[in-house]
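All of these numbers come straight from a predicted model, not from anything done at the bench. Each chain gets a letter, A, B and so on, in the order its sequence line appears, and its residues count up from 1.
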Amino acid sequence: DQQVKQNSPSLSVQEGRISILNCDYTNSMFDYFLWYKKYPAEGPTFLISISSIKDKNEDGRFTVFLNKSAKHLSLHIVPSQPGDSAVYFCAAMNDKIIFGKGTRLHILP
Amino acid sequence: DTGVSQDPRHKITKRGQNVTFRCDPISEHNRLYWYRQTLGQGPEFLTYFQNEAQLEKSRLLSDRFSAERPKGSFSTLEIQRTEQGDSAMYLCASRLTGNQETQYFGPGTRLLVL
């Protein structure tokens, strides 16, 4: 059973628009939630995280929202840029990290 | 500040051979993690160390797999008698507990077992 779920395998967004990536989790005991970006043949690159006691964290173009009652988090990227095209992994962490399966984001020119 | 490094980046081996991968974490990071990623999946946890102590091992880590971090710095992951199902990207990550709520990943070692 998957503890972290990303239900959209892919997403296409026009350059300059907002990209919204969604994630659901099942375990309420995670301390942190994270988003990683991954290019082919490279390791995941950390983007942004949020503590389980907060509901929003912002860093430049990236904002993560956490809805604990719905066990849902989302990553907003605005404005979307061509370099944002990659696979995005939602993850939850206590000691180890549990990853979702990823969402491939395509930024269209 | 150098990031996490892994060696080799690619490894092709024949079924039944042993392979060993190395990970050098970010300096001063006390925790070191190993993950495995197969096609279409997110990375899956294998094991982690705090300094030289191995604190947790996943059920994914069969008895053919062994990991060490003898001096609390670099780590090695050995796979004995490789099988085709071992083909994957092996990722290492490190973290400094207490003031970092994330793990930083290396570039990975891609293993292909023929």
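- Under a cut-off of 6.0 angstrom, the local environment of CG in B:Leu114 is crowded, with over 12 non-hydrogen atoms contributed by other residues, nucleotides or ligands.
- Checking side-chain atoms of A:Tyr36 against main-chain N and O of B:Phe105 turns up no donor-acceptor pair under 3.5 Å.
- Annotation: side chain of A:Ile97 is not in contact with side chain of B:Tyr33 (no heavy-atom distance under 4.5 Å).
- Counting heavy-atom pairs closer than 4.5 Å to chain B, the top residue among A:Glu42, A:Arg104, A:Lys96 is A:Lys96.
- Surrounding CD1 of A:Ile18 are more than 12 heavy atoms belonging to other residues, nucleotides or ligands, all under 6.0 Å away.
- Only the backbone of A:Ala41 comes within less than 4.5 Å of a heavy atom of chain B; no side-chain atom from C-beta onward does.
- Remark: B:Lys11 NZ is loosely packed, at most 12 non-hydrogen atoms of other residues, nucleotides or ligands lying under 6.0 Å away.
- Each of B:Phe49 and B:Val4 belongs to its own hydrophobic cluster when Ile, Leu, Val, Met, Phe, Trp and Tyr are linked at side-chain heavy-atom distances under 4.5 angstrom.
- If you chain together hydrophobic residues whose side chains sit under 4.5 Å apart, A:Trp35 and A:Tyr32 never meet in one group.
- Linking ILVMFWY residues whenever their side-chain heavy atoms come closer than 4.5 Å, directly or via other members, leaves B:Phe45 and A:Val4 in distinct clusters.
- For A:Lys68, the NZ atom counts as densely surrounded, since its 6.0 Å shell holds more than 12 non-hydrogen atoms of other residues, nucleotides or ligands.
- Criterion: ILVMFWY side-chain heavy atoms under 4.5 Å apart, direct or through other members. Under it, B:Val19 and B:Val113 are part of a common hydrophobic cluster.
- Annotation for B:Thr102 and A:Met93: closest pair N-CE, 3.9 Å, computed over non-hydrogen atoms.
- Among the candidates B:Pro107, B:Cys92, B:Gly108, the residue making the largest number of heavy-atom pairs closer than 4.5 Å to chain A is B:Pro107.
- Proximity to chain A is absent for every atom of B:Gln50, based on heavy atoms less than 4.5 angstrom apart.
- Your options are A:Leu34, A:Asp95, A:Ile98, A:Asp31, and the one with the most heavy-atom pairs under 4.5 Å with chain B is A:Asp95.
- Closest approach of B:Leu91 to A:Gly43, counting heavy atoms only: CD2-CA, 3.8 Å.
- Across all non-hydrogen atoms, the minimal contact from A:Phe89 to B:Gln37 is CZ-NE2, 3.3 Å.
- Using a 4.5 Å cut-off between non-hydrogen atoms, the part of residues 55-90 of chain B that approaches chain A consists of B:Glu56, B:Met89.
- Connection of A:Leu73 to A:Leu105 is established within a shared hydrophobic cluster, with ILVMFWY side chains joined at heavy-atom distances below 4.5 Å, either directly or through further cluster members.
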